[in-house]
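First comes the structure, then the notes that go with it.
Note that these values count all heavy atoms, side chains included, but never hydrogens, waters or copies made by symmetry. Throughout, protein chains are lettered first and strands after them, A, B, ... in sequence-line order, and every chain is numbered starting at 1.
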Amino acid sequence: MKDAVEEKFLFNKTTIGFWLYLMTDCILFASLFATFAVLRHATAGGPSGSQIFEMPLVMAETIILLTSSFTCGLALVALKARKITQMVVALASTYILGAAFLTIEISEFAKLIGEGNGPAHSAFLSAFFTLVGTHGLHIFMGLLWLLVLVAMLMRRGITSKWVRQMTLFALFWHFLDLVWIFIFTVVYLMGVAK
Amino acid sequence: MTIVKYVIGFVLSLVLTMTAYWVTVNGIDKTTLYLILAVLALVQMVVQLIFFLHLGEEARPRYKLATFLLMSFMLAIIVVGSIWIMDNMNYNMANMSPNEKNDYMLMQHDKGF
Amino acid sequence: MFGRLTLDALPHDPVTIGGVAGGTVGLLIIIAAMTYFKKWGWLWREWLTSLDPKKIGVMYIVVAVIMLLRGLADVAMLRAQQAIFATSPNSPISPDLFQQVFSAHGTIMIFFVAMGVIFGLINLIVPLQIGARDVAFPLLNSISFWLFVAGMVLMNVSLGLGEFSAAGWLAYPPLSELAYSPGTGVDYWIWSLQIAGVGSLLSGVNFLITIFLMRRKGMTLMKMPIFVWSVVTSMVLVIFAFPILTATLAMLGLDRLLGMHFFTADMGGNPMMYVNLIWAWGHPEVYILVLPAFGVFSEIVPVFSRKKLFGYTSMVLALIAIMILSFTVWLHHFFTMGAGANVNAFFGIMTMVIAVPTGVKVFNWIFTMFRGRVSFQTPMLWFMAFVATFTIGGVTGVLMAVPGIDFVVHNSLFLVAHFHNMIIGGVLFGAFAAYAYWFPKFTGFRLHEGLGKVAFWCWLVGFLVAFLPLYALGFMGAVRRMDHYDASLGWQGLFIAAGVGVLIILLGVFFQVVQLAYSVWKRKELAVGPDPWGGRTLEWATSTPIAEYNFATLDAVHDRDAYWTVKKAHEKLSAQYYDIHVPNNSGYGALIGAAALGVGFALIWHIWWLAGVSMIALIALVISSTQRTDVEHVITAREVALTEKRLRGKRA
Amino acid sequence: MKSWHAVVAIILLPIIIGLAVFAYASTQHVPVFDPQGSVGAHEKDLILFTLALSTVVVIPVFLMLGIFAWRYRDTNHKAAYTPDAEGNRWLELLWWGIPIAIIAVLSVVTWVSTHALDPNKPLESTVKPLNVQVVALQWRWLFIYPEQRIASVNELVIPAGTPVNFRITADGPMSALWIPSLGTQVYAMTGMSSKLSLIADHTGTFRGSNSNISGTGYSDMYFNVKALPSRQDFDSWVKAFNDRPKHEHLDLDQYLTFAKPTHDKSVQYLHLHDVSLYDEIVSKYAHSDSGHHSSKHEGHEE
């Protein structure tokens, strides 16, 4: 009985604490969004968004990340039902989709830099690379976290601590998809609008 | 927390994303488009908050909901305020009106720049 | 191999060499003494790795005090230059050094003194006042502290290696960009604040969760001590304002590191956006510092008036109002940047509106004395001085909130006088009041009252003599950050007065040091019980010295002045003890701080391999810290009973 | 020392030291309180008005602080003692109300005065204004008179009684142009062209300076403003200057050398060859190259 109370407290403490961290991350992204909004026309003779964005790829990124967020949710449902195999499959999909997203993004960046449109080329490009790159960095951290979760799972199995960590990870991953909605809308869709 | 909620959230998000893309590709005037895109993004945010992040399902006191609302308020102040301020300054301290600027650029062009 | 770091980075001018030599010798003496007395193990086990917020709080304050001494030494140089050498061509302090020194002064005083004191105080008091045994995330708390230390160390390394920023405490671009500041100074500024800032952010999350979830049973939000309320509002500001600082510093850092163009003059960069963002953080930051000071006074006035706080609900509403309003006024720091009249007027009016809740708080404090029994010990003297000076600062603040007035005094010494009025009169006097008030709780003896009063009078007189002339100098046309001026302007007399004021303040600091030393020496005579002032809140219910677990039993709370009602009703604390879980020490905080220090140092000097190694170490440490298994140990009910008997038995 | 001595001392000290500073300053030249033009005069009035209004709060605060502390000192057992009083709704309403009323008054004053003093708005006058373009350099001031084809360095000559419309920019770190005797200051920034309109109502020489740190020569960035008695005097000054042969010239090429950082504080007068020099300095740093600016600005009154 006392353990259940204790566990509930621990769960609340970590999830609400992590939630607060996500709130601070929202403000961090908000600062980058505001800067992007202010600088998006400051192309200094370089290309504007509509000239460099490849919308089919961006659309693919969007769908991939959304699906990854979805499979992450499925993993959580499977965990609740203690269907471990299903959960592992869902987590693996999440990881693969996340890695695919990151690969597309990095190749997009590499292509831009290769064409001479790197972040040092104009204020607009600085803001673009930093905003999208910060999201990408979060995705990278998420993938790293997922690996740590898998390692923990293999070492000790499903413990109450693992369940807490998994819940936090799911929050993080859904949150990153949420941020992407706004990057997709503000940076890309509004960027290519004529 | 059931699988159904995730499926609903996923499908709704897909539809909203596709709609946003479709609207953008089929060009309409910019102001309307921005408005539609903003609304679609906000709706998708709410969808994911409810169906993926389960906001509002916690027991009272709802710290998550409260901090989220407060954060949204502060975020709106920072973003809207910054854009308002910067736009206003760029406007007030522009050296030339767009027309003057155009003439000036043409003049520079003639000079061989 | 060492990036930009070469032997040229060592200091050249005599003033800096003297400072560095003095600092190094001092450090060596301490190291030698520690080694001789074999105290390193003790230091590591009892302090550096401790997760006990009471000890972390003390460490914050020790760091802050050391930094206060450096900040004061800086300002002594500045005022000496302005009072004595400003009109002569041969000054020992070059303009470049002068600019580095005032940039360092501002940065140190805000980030490493004021923030350190506030976080120290929160660590010490908040868990006790809410009747908790710990904070929500003890290891995170230690990591926050060590990030604060890493930032502090990095900033002070700039004394001996390279240079510090000469671009002012907020480093406005494009001056702070590579084009105008190619050296390492601005990089030191960026990375030391970035590291310390992340620490503050994590602390904000930690203390909010602590207050949200770990309050004693029965302590509803509206029964929390008002200091705790002030911390809630302050920490909400931390978690919403500091990410803006993180993002802004990161963007400036990217400009300097990767040649980006966020805030550069050319290639489309927009320096005004930096000013906008840094103040969107910077204004709430002022309230992050001053709100807890308000909380301190709200604790002290009732205790020394032996009466309940007047208008608790009003006080809470005022705190919340200030919290929200403080996010809507940042433009008033740059009224003269050219925004239109609507924008300026809007932000001016919002700024004035903050005066309303602040005024309400002042009236409520004063009316707490009404029909009370006021005793004038040092904490109360600090309160009286706070009201007197803060009111002056408030008036000059309202003056500058009117854009039309700010137009003519902005960036003058009037502005400098105003914000020192708020920060010294508000934050620092609040910290000194808290120091005198809570010192006996943690040590078991009081600070010597007479010496404390001498220090108080030195501070008050020194402060007034140092800053009131600056108001006049502002009206006379003297701008801030100026290292020389023409004798014919008639400014020197007032600058000399301001310099004398600084000397009187230094005398006050001297008496504070003497007071502490004397009080430690005479601690037997100054010894007091666990509740020397007739306290009203739960921290006074603990034994002195406070047990590691704070409270042996967690009796429910019924009233706002939780301990006062218990004492009045002669309630007995329950004597039924249970096992208590206490966090184990952990070295992760110190290690993570060291790794962050490595990252910062490497990025400043462009030592890429070190940056990579430190970054990987940092990530590995963070991951490994989440995998700890020996998180806590148990103090058995029997041990608790014995400890309680030992600690409580001594009570006078 | 008795406790109430401390109370009296704490309240009197700021007043005494403040008065001493005031007495000393009044023997010196205080430009903000001795304005030489209508803008500065308006701003001085605003300061005095706001100060007067704030005494409505400040005096009661000081009085109550002193009286309550003295009256309810713990040695005075004759005074009433109500340890459990939690507050008083009416009193609290009073001090939510009074500051709100004061701020309401001040808000109206702020709104009106901010619009009246808006530096973006040219001064209303029947006199044809003088246009001056200002460039803040590291570390000197360049004043360009495009219509008179004169450029002056570290000194500004203007006619009294004529509004001067400044356009201000920087070719270097952010700076700020402040002439305390005349009033409003404004930042000078690369790529931006700040507006400021000032007037000198009296003849005289006023000191101006940079109020925003811009590097090691920052403290040297001051200059004199010479207000000539009338527009005729100014015109004849211009004519005399232009009639003098063999002056140094300033065009874009020379400017590039001229704009390099220098601690040279000397005053110079140059013939302006390139009338669009100022525009070229601003455009060099233009933030945006698409000419984008929406037309829905609340902030524009022109």
What part of [X] gets within 4.5 angstrom of chain D, counting heavy atoms only: side chain, backbone, both, or neither?
X: C/Ile366; value: both
X: C/Phe102; value: side chain
X: C/Thr313; value: neither
X: C/Asp486; value: side chain
X: C/Lys568; value: side chain
X: C/Tyr172; value: side chain
X: C/Phe463; value: neither
X: C/Pro173; value: backbone
X: C/Tyr312; value: backbone
X: C/Ile392; value: side chain
X: C/Ala166; value: backbone
X: C/Val362; value: side chain

Side chain, backbone, both or neither: which part of [X] has a heavy atom under 4.5 Å from chain C?
X: D/Glu92; result: side chain
X: D/Asp34; result: neither
X: D/His42; result: neither
X: D/Ile98; result: neither
X: D/Met64; result: both
X: D/Val109; result: neither
X: D/Ser113; result: side chain
X: D/Phe62; result: side chain
X: D/Tyr222; result: side chain

For chain C, find which of [options] contributes the most heavy-atom pairs closer than 4.5 angstrom.
options: D/Ala80, D/Ser54, D/Ala25; result: D/Ala80
options: D/Gln28, D/Arg73, D/Gln185; result: D/Gln185
options: D/Ala79, D/Gly18, D/Ala20; result: D/Ala79
options: D/Val57, D/Leu46, D/Leu65; result: D/Leu65
options: D/Trp111, D/Phe33, D/Trp178; result: D/Trp178
options: D/Val186, D/Thr82, D/Leu117; result: D/Thr82

Counting heavy-atom pairs closer than 4.5 Å to chain D, which one of [options] comes out on top?
options: C/Val398, C/Asp96, C/Leu399; answer: C/Leu399
options: C/Val360, C/Leu468, C/Leu489; answer: C/Val360
options: C/Ala497, C/Gly359, C/Pro403, C/Gly338; answer: C/Pro403
options: C/His261, C/Lys453, C/Lys308; answer: C/Lys308
options: C/Arg480, C/Met384, C/Met482; answer: C/Met384
options: C/Asp561, C/Thr396, C/Asn364, C/Leu460; answer: C/Asn364

Heavy-atom closest contact ([X] atom, [Y] atom, distance):
X: D/Trp96; Y: C/Ser314; answer: NE1-OG, 3.2 Å
X: D/Ile103; Y: C/Met352; answer: CD1-O, 3.5 Å
X: C/Ala265; Y: D/Thr190; answer: CB-OG1, 3.5 Å
X: C/Gln99; Y: D/Tyr218; answer: NE2-CB, 4.1 Å
X: D/Arg207; Y: C/Trp491; answer: NH1-CH2, 3.6 Å
X: C/Ala472; Y: D/Val21; answer: CB-CG1, 3.6 Å

For the backbone of [Y] and the side chain of [X], can you confirm whether one donor and one acceptor N or O come within less than 3.5 Å of each other?
X: D/Tyr24; Y: C/Pro469; value: no
X: D/Asn120; Y: C/Ala339; value: yes
X: D/Glu86; Y: C/Phe310; value: no
X: D/Asp74; Y: C/Arg373; value: no

Does a side-chain heavy-atom distance below 4.5 Å link [X] with [Y]?
X: C/Pro271; Y: D/Met174; answer: yes
X: D/Val61; Y: C/Phe363; answer: yes
X: C/Val395; Y: D/Leu51; answer: yes
X: C/Met476; Y: D/His29; answer: no
X: D/Met189; Y: C/Met337; answer: yes

Q) D/Tyr187 and C/His410: aromatic ring centres closer than 6.0 Å? A)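 So the answer is yes for these two rings.
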Q) Of the options D/Pro180, D/Ser219, D/Ser209, which is the one that meets C/Val479 in a side-chain contact (heavy atoms from CB on, under 4.5 Å)? A)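 Option passing the side-chain contact (heavy atoms from CB on, under 4.5 Å) with C/Val479: D/Ser209.
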Measuring from [X]:[atom1] to [Y]:[atom2], what's the distance to the nearest 0.5 Å?
X: D/Tyr285; Y: C/Thr264; atom1: OH; atom2: OG1; answer: 10.5 Å
X: C/Trp457; Y: D/Leu13; atom1: CH2; atom2: CG; answer: 6.0 Å
X: D/Ile10; Y: C/Phe386; atom1: CD1; atom2: CZ; answer: 13.0 Å
X: D/Phe68; Y: C/Ser305; atom1: CZ; atom2: OG; answer: 11.5 Å
X: C/Leu175; Y: D/Ile213; atom1: CG; atom2: CD1; answer: 6.0 Å
X: C/Met400; Y: D/Ile47; atom1: CE; atom2: CD1; answer: 11.0 Å

**Q.** N-O pairing of D/Asp84 and C/Arg371 below 4.0 Å
**A.**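 No, this pair does not count.
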Q: Kindly assign one of parallel, tilted or perpendicular to the pair C/Phe367 and D/Trp95, based on the angle between their ring planes and the thresholds 30° and 60°.
A: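 The rings of C/Phe367 and D/Trp95 sit tilted, inter-plane angle from 30° to 60°.
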